[in-house]
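Heads up: numbering here begins at 1 and tracks the sequence.
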Amino acid sequence: MTIDVALRQTMNTIQVFNSKFGSRAPGWSYEKHYHPYCELLHCREGEIRLELEGRLLVMCPGDWLIIKSRVKHRLWNEAAQPYLFFHAHFDIDDHDLRQLLHAEPYKHVSVHAASAGFPSFLGDIGHSLEKLLRYYVPESVKHLYLKSFLIKQLSLQGRLMLQAYVTLAIAEMVALQPNNSAPDNEPASAQYSSSMEIDTAHKIERMLEENALTNVTITDLAGRLGLSRTQFTKIFTKVYGISPRQFVSRHKLNMAKMLIMNTDEPIGEIANQLGFSNINHFSRQFRRWVGKPPSHYRPKYKLDEPIP
């Protein structure tokens with residue numbers, strides 16, 4: 001007998017910023033700094049030394065590193081050869097993953113120190129990431145020996161591939177951490193959603209997104225679908241695993257993060273755009289969401305500027 005296996009759609013995402021492949025000459029160094037989001041670092045060739053909160057770490061070819069947000073670190077290359085690398089900053093909405101990655105200041109996966117269980121295809125991911133980004137460098141500038149080339153925009157396929165590669169690298173590193181097992185499964189008797197419920201939940205999702213910054217109530221939206229507030233909430237929660245109110249809060253959180261990181265708008269103006277009565281209310285809510293005030297979440301460097 002075949003048993004249907006269903007998984008409630010997850011609402012959690014990994015947002016990737018500042019992806020870059022680069023090379024740093026012998027003697028290069030970068031002063032101590034930190035970021036309001038996690039950093040993924042991969043050593044392709046050469047080696048790099050890092051100081052992370054007083055600890056010394058050496059990355060060799062093939063190594064991967066995740067640095068927790070707001071962890072101060074500096075880098076320098078004292079080897080005789082250039083250091084070739086990939087790095088990206090990322091933000092996560094998944095509570096369990098955030099807790100796991102934030103348990104320690106950093107997570108280092110070393111090829112040399114790893115056991116036989118080291119997932120060798122992490123190297124393949126590094127190669128694929130380099131190939132993907134270098135594909136977008138025009139032939140007309142490849143012979144100019146430029147020190148840096150900023151890709152303004154990836155294609156839709158490129159963005160999806162970049163997201164997939166970075167997510168897979170993070171997943172493989174998480175798999176090597178102890179105590180990373182998923183929560184217990186729901187009882188076998190747990191119900192799964194019908195196709196009608198899923199279709200209705202998708203309609204509800206679009207309505208919530210379109211009205212997230214308006215004064216329209218859940219009861220109003222439910223009435224547009226011919227549902228009671230209870231039915232509206234029950235169907236959405238069953239399919240997505242969170243209530244409509246929680247969904248709107250997460251949607252506003254993602255909007256707040258993007259505005260804080262990608263614009264120079266004052267925090268008060270962002271609060272106003274998101275429908276908060278005043279900046280203090282927004283700051284308190286943002287701290288509850290993220291664990292830090294919005295002013296501490298704004299990046300030290302603009303996202304459209306090359307990072308040293």
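Exactly one of Leu57, Ile66, Val71 qualifies for a side chain to side chain contact (heavy atoms under 4.5 Å, CB included) with Tyr106. That residue is Leu57. None of His42, His108, Glu172 except one satisfies the side-chain hydrogen bond (donor to acceptor under 3.5 Å, both in side chains) rule with Trp64; the exception is His42.
No side-chain donor-acceptor contact under 3.5 Å links Glu210 to the backbone of Met207. Under the 3.5 Å distance criterion, the side-chain polar atoms of Glu209 are left unmatched by any main-chain donor or acceptor of Arg206. Checked by atom type and distance alone, the side chain of Thr214 pairs as donor or acceptor with a backbone atom of Asn211 at under 3.5 Å. In terms of modelled atom types and a separation under 3.5 Å, the side chain of His33 and the main chain of His73 share a donor-acceptor contact. Between the Asp63 side chain and the Cys60 main chain, a donor and an acceptor come within less than 3.5 Å of each other. In this structure, Asn278 contributes its side chain and His281 its backbone to a donor-acceptor pair below 3.5 Å.
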Q. Taking it one step at a time, do His127 and Arg44 satisfy side chain to side chain contact (heavy atoms under 4.5 Å, CB included)?
A. CA-CA 8 Å; His127 175 75; Arg44 296 286 290 152; 3.8 Å; yes
Q) For Tyr37 and Gln15, what are the C-alpha separation, side-chain angles and deciding distance, and is it a side chain to side chain contact (heavy atoms under 4.5 Å, CB included)? A) CA-CA 10 Å; Tyr37 30 73; Gln15 301 180 46; over 6 Å; no
**Q.** From CA spacing to verdict: ring pair (Phe, Tyr, Trp, His ring centres under 6.0 Å), Phe247, Phe236
**A.** CA-CA 10 Å; Phe247 174 85; Phe236 187 85; 5.5 Å; yes
Q) Does the pair Glu265 and Gln273 meet the rule for a side-chain hydrogen bond (donor to acceptor under 3.5 Å, both in side chains), with working shown? A) CA-CA 10 Å; Glu265 293 186 25; Gln273 288 184 43; 2.2 Å; yes
**Q.** Residue pair Glu47, Tyr83: steps toward the side chain to side chain contact (heavy atoms under 4.5 Å, CB included) verdict
**A.** CA-CA 6 Å; Glu47 66 177 36; Tyr83 159 60; over 6 Å; no
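Across all non-hydrogen atoms, the minimal contact from Ala256 to Phe286 is CB-CE1, 4.0 Å. Taking all atoms of both residues into account, the shortest heavy-atom contact from Thr237 to Pro244 is OG1-CD, 4.0 Å.
Residues Met59 and Leu50 form a side-chain contact, since some pair of their non-hydrogen atoms from C-beta on lies under 4.5 Å apart. Looking at heavy atoms from C-beta onward, Arg287 lies out of side-chain contact with Arg284 at the 4.5 angstrom threshold. In this structure the side chain of Arg55 reaches within 4.5 angstrom of the side chain of Pro105, judged on heavy atoms. Considering only heavy atoms from C-beta on, Gln285 comes within 4.5 Å of Phe276 through its side chain.
With respect to the salt-bridge test (charged N to carboxylate O, under 4.0 angstrom), the residues Lys238 and Glu197 qualify. Contact check on Arg74 versus Glu31 returns no salt bridge, with no Lys/Arg side-chain nitrogen under 4.0 Å from an Asp/Glu carboxylate oxygen.
By the 4.5 Å side-chain criterion applied to Ile, Leu, Val, Met, Phe, Trp and Tyr, Trp76 is assigned to a cluster that also includes Leu56.
For Lys234, the NZ atom is loosely surrounded, since the number of other residues' heavy atoms within 6.0 Å does not exceed 12.
In this model, a donor atom of one side chain and an acceptor atom of the other lie less than 3.5 Å apart for Asp220 and Thr217.
With values rounded to the nearest 0.5 angstrom, Asp91 atom CG is found 5.5 Å from Phe17 atom CZ. From Ser128, atom OG reaches atom CG of Leu162 across 11.5 Å, with rounding to the nearest 0.5 Å.
Under the 4.5 Å side-chain heavy-atom criterion for Ile, Leu, Val, Met, Phe, Trp and Tyr, Leu84 and Leu132 are members of distinct hydrophobic clusters. If you chain together hydrophobic residues whose side chains sit under 4.5 Å apart, Ile279 and Leu253 fall into the same group.
Judged by the 6.0 Å distance and 45° axis criteria, Lys252 is not positioned over the aromatic ring of Phe282.
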